[in-house]
2 protein chains.
Amino acid sequence: MMHDTFAALGDATRFAIVEKLLNEGELPAGNLQEVGTISPPAISRHLKVLREAGIIEQRIDKQRRMYSVRPQAVRTIGEWAMNYQEFWQKSLDRLEAALLQEGNDA
Amino acid sequence: MMHDTFAALGDATRFAIVEKLLNEGELPAGNLQEVGTISPPAISRHLKVLREAGIIEQRIDKQRRMYSVRPQAVRTIGEWAMNYQEFWQKSLDRLEAALLQEGNDA
DNA sequence: TCTTTAATTTCTATTTATGTTAATTAACGT
DNA sequence: ACGTTAATTAACATAAATAGAAATTAAAGA
C-alpha cells in the first residue's frame with residue numbers, strides 16, 4: 001500500500017536514514033546512527049520499519065548488516081506522483097493560470 | 001520539510017482523502033466523509049493536517065469549505081523521487097543487473 | 001575460550017496521533 | 001428571529017509510535 005511507504009518516510013529520523021543511504025550508498029547499521037542523537041536500538045527499529053515498508057533492504061556481511069535503498073521504492077513514489085502529474089498537470093496548470101488571471105482582474 | 005509531506009500522506013484516511021480530491025477535483029468537507037466510516041470532526045482534523053502540510057488548500061464558498069489538492073505538492077513529491085531517479089537510476093539499474101547476473105552465476 | 005564489536009530484541013515509560021461525543025461558530029432558508 | 005445545515009473546535013479517552021536501558025544473539029580476533 002502506498003500510504004505505508006509514505007508513513008515510513010514520514011518520520012524525520014527514517015527520512016534522514018533514507019537520504020543518507022541514497023547519497024552515500026550501502027552502509028552498515030552503525031554508520032546510520034550519525035543521522036542524529038539516537039541510540040542503536042532506535043536506529044535498528046527504524047531500519048525494520050523501512051525494511052517492512054519495502055524501502056530498504058538488508059544484506060549480511062560477516063557481523064555487519066548492510067542497508068541500501070531499494071531502487072523500486074523510489075521509482076514507485078515517482079510513478080505515483082507522475083501518474084497524477086501526467087494526467088492532471090495540464091488541467092491543473094490551466095486552473096492555476098485561470099485563478100491567477102482572476103486575481104489580476106479583481 | 002519533505003518528511004512532513006510524507007507524514008501527512010502516511011495516514012490511510014488522509015491518503016484516501018487526497019486520492020479522492022485528485023480523482024474528483026474540488027470537494028466540500030462533507031463529501032470527503034465518504035472515504036470511510038469516520039465522523040465529521042475526524043475528517044475536519046485530517047483536512048487541517050493536510051492543509052498545514054501544504055498538500056491541500058481551502059476555499060470558502062458560502063457555508064461550505066471547498067478543498068482541493070495543491071498542484072505544487074504533487075509536483076514536489078515527483079521531483080523528490082525524480083531527483084534521485086535521474087542521478088541514481090542508471091547506477092542502480094547497473095547494480096541490479098550485476099546482482100541478477102551474480103545470482104545466475106551462483 | 002574469552003573478550004570485543006555489531007546489531008537486535010525485550011522491557012518499560014512517555015509522547016504523539018486518532019477517534020468519538022458534545023459544544024460552538026457561521027451562514028442559509030423560511 | 002428561528003430552525004437547519006455545514007463544519008469546526010473543545011474535551012476527553014484510547015491506541016500507536018518512539019525512545020532509552022538492559023539483556024540477548026552472533027561473529028571476530030586475540
Side-chain angles (χ1 to χ4, degrees), chain A residues 1-22 24-70 73 77, chain B residues 1-21 24-70 73:
Chain A
M1 244 89 76
M2 202 60 208
H3 84 264
D4 290 318
T5 302
F6 287 131
L9 292 170
D11 176 82
T13 302
R14 284 195 296 269
F15 187 76
I17 288 172
V18 171
E19 290 239 294
K20 190 174 176 67
L21 289 174
L22 282 167
E24 303 179 25
E26 194 186 45
L27 289 172
N31 282 46
L32 293 168
Q33 232 186 304
E34 297 164 16
V35 299
T37 312
I38 192 157
S39 65
I43 289 287
S44 188
R45 276 190 310 267
H46 280 305
L47 290 170
K48 191 181 181 186
V49 171
L50 287 169
R51 199 142 60 90
E52 285 174 351
I55 295 171
I56 63 172
E57 61 191 354
Q58 190 196 59
R59 182 177 68 85
I60 295 177
D61 175 41
K62 316 281 180 175
Q63 80 276 47
R64 280 200 174 74
R65 283 92 209 268
M66 307 298 292
Y67 289 94
S68 56
V69 174
R70 289 187 57 232
I77 294 167
Chain B
M1 245 90 79
M2 202 62 208
H3 83 264
D4 289 319
T5 303
F6 287 131
L9 292 170
D11 177 82
T13 302
R14 284 194 294 269
F15 186 77
I17 287 172
V18 171
E19 290 239 293
K20 189 173 174 69
L21 288 175
E24 304 178 26
E26 195 186 44
L27 289 172
N31 282 46
L32 293 167
Q33 233 186 304
E34 296 165 15
V35 299
T37 313
I38 192 156
S39 65
I43 289 287
S44 188
R45 262 172 300 105
H46 280 307
L47 290 170
K48 191 182 181 186
V49 171
L50 288 169
R51 199 142 60 91
E52 284 174 351
I55 296 170
I56 63 171
E57 62 190 354
Q58 189 196 61
R59 182 177 68 86
I60 295 177
D61 176 42
K62 317 279 181 178
Q63 79 276 45
R64 280 200 175 73
R65 284 92 209 268
M66 307 299 291
Y67 289 95
S68 56
V69 174
R70 289 187 57 233

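Labels below follow one simple rule: chain letters A, B, ... track the order of the sequence lines, proteins then strands, and each chain is numbered from 1. We use all heavy atoms of the structure for the numbers below, so side chains are in, but hydrogens, waters and symmetry mates are not.
- The one candidate from A:T13, A:V69, A:L32 that meets the side chain to side chain contact (heavy atoms under 4.5 Å, CB included) condition with A:V18 is A:V69.
- Scanning for side chain to side chain donor-acceptor pair (under 3.5 Å) contacts around A:E26 gives A:R59, with sequence neighbours left out.
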Indicate for each nucleotide in nucleotides 20-30 of chain D, in 5' to 3' sequence, whether protein heavy atoms under 4.0 Å reach the base (B), only the sugar-phosphate (S), or nothing (-).
-> BBB-----S--

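- Regarding A:K48, its NZ atom lies at a distance of 16 Å from the C1' atom of D:dA19, rounded to whole Å.
- Between the C1' atom of D:dA16 and the CD atom of A:E52 lies a distance of 15 Å, rounded to the nearest Å.
- Nearest heavy atom pair, residue A:V35 against residue A:K20, reads CG1-CD, 3.7 Å.
- Here the straight-line distance linking atom OG1 of B:T5 with atom CZ of A:F6 works out to 9.5 Å at 0.5 Å rounding.
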Would you mind writing out the side-chain donor-acceptor pairs for residues 44-56 of chain A within the sub-3.5 Å range, not counting sequence neighbours?
| residue | atom | partner | partner atom | Å |
| --- | --- | --- | --- | --- |
| A:H46 | ND1 | A:R14 | NH1 | 3.0 |

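- Counting any heavy atom pair closer than 4.0 Å across all strands shown, A:Q33 reaches no nucleic acid atom.
- Taking 4.0 Å as the cutoff to heavy atoms of chain B, we find the contact window on DNA chain C bounded by C:dT18 to C:dC28.
- Residues from residues 11-20 of chain A lying near DNA chain D, meaning a heavy-atom separation below 4.0 Å, are A:D11, A:T13, A:R14 in numerical order.
- Between B:F6 atom CZ and D:dA17 atom P there is a gap of 19 Å when expressed in whole angstrom units.
- Residue A:H46 places at least one side-chain N or O under 4.0 Å from the OP1 or OP2 atom of D:dA19.
- With sequence neighbours excluded, the residues that form a side-chain contact (heavy atoms from CB on, under 4.5 Å) with B:A12 are A:H3.
- Rounded to the nearest 0.5 Å, atoms NZ (B:K62) and CD1 (B:I60) are 13.0 Å apart.
- For A:N31, the side-chain contact (heavy atoms from CB on, under 4.5 Å) partners are A:L27, A:P28, A:E34, not counting sequence neighbours.
- Remark: B:Q58 engages B:Y67 in a side chain to side chain donor-acceptor pair (under 3.5 Å) (not counting sequence neighbours).
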